[in-house]
There are 2 protein chains.
Amino acid sequence: MTEVERISKRGAIRQENEARILAAAEKVFAEAGFGGATMQLIADMAGLPKANLHYYFATKEELYRKVVQQIFEIWLHAADSFDNAPGPVEAIGAYIDAKMEISRRHPFGSKVWASEVMHGAPVIQDYLETTLRDWTAGRARLIQKWIDEGKMAPIDPNHLLYMLWATTQHYADFGHQIETLNGGMPLSDQQWKAAKASVKTIILRGIGAL
Amino acid sequence: MTEVERISKRGAIRQENEARILAAAEKVFAEAGFGGATMQLIADMAGLPKANLHYYFATKEELYRKVVQQIFEIWLHAADSFDNAPGPVEAIGAYIDAKMEISRRHPFGSKVWASEVMHGAPVIQDYLETTLRDWTAGRARLIQKWIDEGKMAPIDPNHLLYMLWATTQHYADFGHQIETLNGGMPLSDQQWKAAKASVKTIILRGIGAL
DNA sequence: GTCTATACACAGATAGAC
DNA sequence: GTCTATCTGTGTATAGAC
């Protein structure tokens, strides 16, 4: 094995192990909270000795921070559909679809995010004050423009955004409650489709865009 | 001091101390999560030695359970307005007002509830399967009746209920995020009023009741 | 880069004097 | 009913052999 191969292999191992640890950590942090999660549990779920976690992530908090950042990235990309849309129906409709899909595919991440914010955002406060604040202001301006153009009713843009976040993330964060009320069964494909349709119908009609 | 007085006094002390502990516990559990909360922190906040907590509540989990139950009670009473209302506008409008007011007055309780559900309801699963399931089924029937009577558009009652819970509780659970996006300031009276109005307008128009 | 053994801190819970 | 001192378990983190 040449020096180059050794380095590239080391890089590959690192990449794979970090990914496995992050995936396990996301699940454990979501299900137990930061305080309830243990490095031992995460290690077991990742199939690695506990000490290896500390080799890749110096502290529990550093690992947690990475998990939260990962989620935030996914979050932001979901909003791409918001831009370059002709009006609120297309933009908000696509945004709801995207966020609902994230709730379905990344329920753990959504829960970790919710928990982080609920506890006062001790780790990602800076993101809230920079990236999220800018993002929100930009989208609020866009919504206001649609209102001025008569494409939707005069709704406070911020409260509309809160409603979009709340309703879509609810299907991840309160998924257990929804499942219980669904007779203990996860929502089927059909039911997810109905959920998306309900949310879109109520909100789009609610803002006078339909 | 007679025997009766002594007993009554003992009862009074117990009642007051339990109330203080429960209030402190609600705050600490909300801000740190179950795993992150410590009996020491709760004791300090309640102004009592740690051992006293164990005198009134045998275990941390028992204390936590009481806190969650307390919240659930408040929750259920907020729905009284739902019944005995002539139609969806009055019922749902009053329900939104009540839930928004709870989010404002009991943000800690809402967070503890959210955290409990997010972690799979390890403590109050039985409530979800009995009381909440019955409550939900009853309100869903009422909503279906309004639909059949042509008082609102044909919306899936369950998804409407989820939306009501999500939007109203969001103002408590994600209050920190909202505050950050509000320039670091808590919502003012005016802003809370605007929030309630926005939620009611969008949802009531969204379900075709306006 | 991996993993066993362990140091160190702190949590929940209890004993027992007051 | 109150509170100090303490037991015991467990968690994070690290040392050091491999």
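Values below: every heavy atom of this structure, side chains too, minus hydrogens, waters and symmetry copies. Every chain is numbered from 1 and lettered A, B, ... according to where its sequence line falls, protein lines coming before strand lines.
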Participant: Reading nucleotides 8-14 of chain D from the 5' end, what letters show protein touch, with B for base, S for backbone sugar-phosphate only, - for no heavy atom under 4.0 Å?
Facilitator: ---SBBB
Participant: Salt bridge or not for A/Lys196 and A/Glu101, using N-O below 4.0 Å?
Facilitator: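 A salt bridge is present here (some side-chain N lies under 4.0 Å from a carboxylate O).
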Participant: Rounded to whole Å, please give me the gap between CZ in A/Arg14 and C1' in C/dT2.
Facilitator: 13 Å
Participant: Could you grab the distance from atom CG of B/Asn182 to atom CD of B/Gln177, nearest 0.5 Å is fine?
Facilitator: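 So the CG of B/Asn182 and the CD of B/Gln177 are separated by 12.5 Å.
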Participant: Send over the distance from B/Asp44 CG to C/dA11 P, rounded to a whole Å.
Facilitator: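 My rounded result for the distance is 10 Å.
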Participant: Quickly work out the B/Leu48 CG to D/dC3 P distance and round it to whole Å.
Facilitator: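 Spelled out: CG on B/Leu48 to P on D/dC3 is 7 Å.
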Participant: Quick check on side-chain contact (heavy atoms from CB on, under 4.5 Å): which of A/Arg14, A/Arg20, A/Glu62, A/Lys66 does A/Tyr56 satisfy it with?
Facilitator: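 Among A/Arg14, A/Arg20, A/Glu62, A/Lys66, the one meeting side-chain contact (heavy atoms from CB on, under 4.5 Å) with A/Tyr56 is A/Arg14.
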Participant: So, does B/Tyr56 get its side chain near the phosphate of D/dT2, meaning an N or O under 4.0 Å from OP1 or OP2?
Facilitator: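 Result: yes.
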Participant: What integer distance in Å separates B/Asn52:CG from C/dA13:P?
Facilitator: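 Distance, rounded to whole Å: 15 Å.
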Participant: Given atom CD1 of B/Ile42 and atom P of C/dC10, what is their separation to the nearest angstrom?
Facilitator: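 Taking atom P of C/dC10 as the reference, CD1 of B/Ile42 is at 18 Å.
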Participant: Over 60° means perpendicular and under 30° means parallel, so tell me whether A/Tyr162 and B/Tyr171 are parallel, tilted or perpendicular.
Facilitator: perpendicular
Participant: Do B/Arg139 and B/Asp83 sit within salt-bridge range, that is, some charged N less than 4.0 Å from a carboxylate O?
Facilitator: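 Salt bridge flag = yes for B/Asp83 with B/Arg139.
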Participant: Rounding to a whole Å, what distance do you find between A/Leu53:CG and C/dT4:P?
Facilitator: 14 Å
Participant: Say you draw a straight line from OG of A/Ser110 to NE2 of A/His170; how long is it, rounded to the nearest 0.5 Å?
Facilitator: 11.0 Å
